[in-house]
Amino acid sequence: MLLELDHVTKEYIRGGKKFFALNDVCFGIDKGDFYTIIGRSGSGKTTLLTVAAGLAAPDSGDVVFKGKKYSELSDRELSAIRGNGIGFIPQGLGTVPDLTVIDNVRLPSFIYPEKADDTRALAILEKTGIADLAQSYPNELSGGELKRVLIARALFSQPEILIADEPTADLDRLTTEEIMKLFSELRRDGTAVLLVTHEMDTIAYGDKVFTCESGRLTEGKQ
Amino acid sequence: MKPVTSMTIVKSSLFRRPLRSIGLSAVVALLCAAIFGGLILSSSMNRGLDTLEKRLGADVMVVRYGYESKAQGAILRGEPTTFYLDPGALDAISQVEGVAAASPQIYVATLSAGCCSYPLQLIGIDPDTDFTVTPWITGQIKGALADGEIVVGSKISADVGSELQFFKRVYKVVGRLENTGMGFDTSIFMNITTAKQAAHDAARVSSQELQDNDDLISAVLVDVADGYDVKEVANNILRAHAAEYHLDTVVSDNMFNEVSSSIRNFTSYIRFFEIMIAVLTVLILLIVFSVTINSRRAEFSMYRVIGATKGRIFSLILLESFVISIIGAVIGIVVMSEIIFPFSNAISQSIGVPFLMPSVATILSAVAVSILAAVICGPGASALCAAKFTSKEVYSTMREVM
Ligand SMILES: Nc1ncnc2c1ncn2[C@@H]1O[C@H](COP(=O)(O)OP(=O)(O)O)[C@@H](O)[C@H]1O
Ligand SMILES: [Mg+2]
């Protein structure tokens, strides 16, 4: 298994009461898999993805990436997994406001200089349809364009798994299709894709669907 | 394309937010200026005090009764004055127990001179017996002062080799003294024979009678022998001869104690304000840098998402605030120098204490101390904030933009 969640639980306190944002979630995804997660707003999808990406720690259970338990890793080792193994596309807008689009996309090479490859960076901009915005700043971009910057940045790292939180939410139909095709191509090189979506059209691109409800994850469309 | 480095990121962050960068630098500049200015001011005053004590060179100055404060004004503040003493006092004083050396001086005030729009103090010294001024003017001239030759104080605008005229008589400038921060800076030194001539010229101008030419003196400077108490000897002089010659004494320590306590008062005021301002600006720095870093938590979380370690975020934040602090520190020091050095005279006059430019080493160490304070405070405050938020889960700091 590339990435595995083993009886993962995450609790939050809301209105003074504890509740399960993730309730005993077991889930696994392997090389080349393309899985889609659907579920109503507030059902725990984002929590699931951030726990899977090591951005939040579960209260119980294990997250395992290529046999390594997150809970047993140092900050350096976990950061290396985020930098090299996982491409995370957050639900909100997460660019560095003072850097140009091209520098935002190349940003992973700031942390891992061996990743620097300007030709590839430009090619990814081309693929994601924002080549003409390369020298623009994030505050000059629309929501859909910003989303594509985040997607480009995640692709630039050449991750083993792409984790995307509603990546096409702000995009028009045509761009959505292009992006989804891009994701489908990735799996041919063995990259896994884990996608949270609201749009039922996009489910067709994946090979399995999971439904999240009140912190519980079940296979199938409910 | 240029690679993306920490410096690229810091630069674009600084240039893309000019207002924020300028604001932060300005606060650092304020801190630096306060510390630097305080250090320079207090060390220059202390230096003025040191030279002050060295420059009189005598333990006791004996003047005519009632002229004590005039003599002090002439020496400390350069208020020109003319006064005379019964010439017989010189021999009498030399005989008093505890007096190691006694030398006469003549003090004559000019009306105005060609060089200056204000009156000057002429001081005549006896080259044969003088132990006060000669040691520090010998560096300026070769041999003893000949008749008609003068050495001028640092604030008198007359070059060596030029001539000055007082009471229609011409004098040749053979030397200039370095800055003392005292009345000596506006004084003119000559030998006692020349000074007597000047005294008669001055009397003629103001149509006064002067006594016997050969024995004219204004004051007797006394060096107290080792092992004797200065005040004791001054009292001995008064007890033995005050009635006969109408004497009064100025004890050098007393005179300078007044000045030094006023300097010390002043420097402790400076210290107090310096500490107040430093504490305030450190607080402001802490707040301003924390607020800035906090408002950028989401931005810094992004680096975590793409694989930056806590240490990496930390050093990025430190680098940025370090650059801001260095810029602020340089601005603060330059601006403070522009204020304090050109206006040093005005400052010293308004508080009535001598101001001497500190040595290069002192200035450099003041620069070092204030820069150090700046780069500890700004980046220190940022580091605290960075530590606080990197200790939290990335998701929780990220959520702000999600
Ligand atoms: N840090 C948090 N503190 C408290 N409650 C949270 C926190 N993060 C998420 N939640 C709550 O947990 C639930 C699941 O959130 P989330 O995973 O974002 O849902 P989804 O992405 O499916 O819309 C929501 O009800 C949300 O309000
Ligand atoms: Mg969500």
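What you see is a predicted model; the values in this text were computed from it and never measured. Chain identifiers are assigned alphabetically (A, B, ...) following the order of the sequence lines, protein sequences preceding nucleic acid strands; residue numbering begins at 1 within each chain.
In this structure, chain A has no heavy atom under 4.5 Å from any part of B/Leu14. Within the 4.5 angstrom heavy-atom criterion, only side-chain atoms of A/Ile102, from C-beta onward, approach chain B. Proximity to chain B (any heavy atom under 4.5 Å) is restricted, for A/Tyr12, to the side chain, taken from C-beta onward. Only the backbone of B/Lys2 comes within contact range of chain A, with heavy atoms under 4.5 Å apart. Neither the backbone nor the side chain of A/Pro113 comes within contact range of chain B, judged by heavy atoms closer than 4.5 Å. For A/Asn104, no part sits under 4.5 Å from any heavy atom of chain B, backbone or side chain. Heavy atoms of A/Ala53 lying under 4.5 Å from chain B are absent altogether. Of the atoms belonging to B/Ser13, heavy atoms from both backbone and side chain fall under 4.5 Å from chain A. Only the side chain of A/Leu122 comes within contact range of chain B, with heavy atoms under 4.5 Å apart. With a threshold of 4.5 angstrom between heavy atoms, B/Ser6 approaches chain A through its backbone and through its side chain.
Within the structure, salt bridge (Lys or Arg N to Asp or Glu O under 4.0 Å) contacts touching residues 66-86 of chain A (residues at least two apart or in different chains) are A/Asp62-A/Lys69, A/Lys66-A/Glu160, A/Asp75-B/Arg304. Sorted by first and then second residue, the salt bridge (Lys or Arg N to Asp or Glu O under 4.0 Å) pairs with a member in residues 125-139 of chain A form an empty list; sequence neighbours excluded.
Between A/Phe210 and A/Phe27, the distance separating the two ring centers is shorter than 6.0 angstrom.
A cation-pi arrangement, defined by a distance under 6.0 Å to the six-membered ring centre and an angle within 45 degrees of its axis, is present between B/Arg16 and A/Tyr137. Remark: B/Arg312 is not positioned above the aromatic ring of B/Tyr303, lacking an NZ or CZ atom under 6.0 angstrom from the ring centre and at most 45 degrees off the axis.
Ranked by heavy-atom pairs shorter than 4.5 Å toward chain B, the options A/Ser157, A/Ser74, A/Pro97, A/Ala80 are led by A/Pro97. In terms of non-hydrogen atom pairs under 4.5 Å with chain A, the most contact-rich of B/Ser12, B/Gly307, B/Pro3, B/Ser301 is B/Gly307. Counting heavy-atom pairs closer than 4.5 Å to chain B, the top residue among A/Gly85, A/Ala116, A/Ala57 is A/Ala57. Among A/Gly83, A/Ser79, A/Ala56, the residue with the largest count of heavy-atom pairs under 4.5 Å with chain B is A/Ser79. Of the residues considered (A/Thr100, A/Asn84, A/Leu55, A/Ile86), A/Leu55 shows the highest number of contacts with chain B, using heavy-atom pairs under 4.5 Å. Ranked by non-hydrogen atom pairs under 4.5 Å with chain A, the options B/Thr5, B/Thr8, B/Thr309 are led by B/Thr309.
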Exercise. Side chain to side chain donor-acceptor pair (under 3.5 Å) between A/Thr197 and A/Thr36: does it pass, once the steps are laid out?
Worked result: CA-CA 7 Å; A/Thr197 185; A/Thr36 313; over 6 Å; no

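A 4.5 Å side-chain heavy-atom check between A/Ile163 and A/Leu3 finds at least one atom pair inside the cut-off. No side-chain heavy atom of A/Pro58 sits less than 4.5 Å from a side-chain heavy atom of A/Thr9.
The only member of A/Thr175, A/Ile179, A/Ile151 that meets side-chain contact (heavy atoms from CB on, under 4.5 Å) when paired with A/Thr168 is A/Ile179.
Defined by atom type and a distance below 3.5 Å, a donor-acceptor pair is missing between the side-chain atoms of B/Ser365 and B/Thr362.
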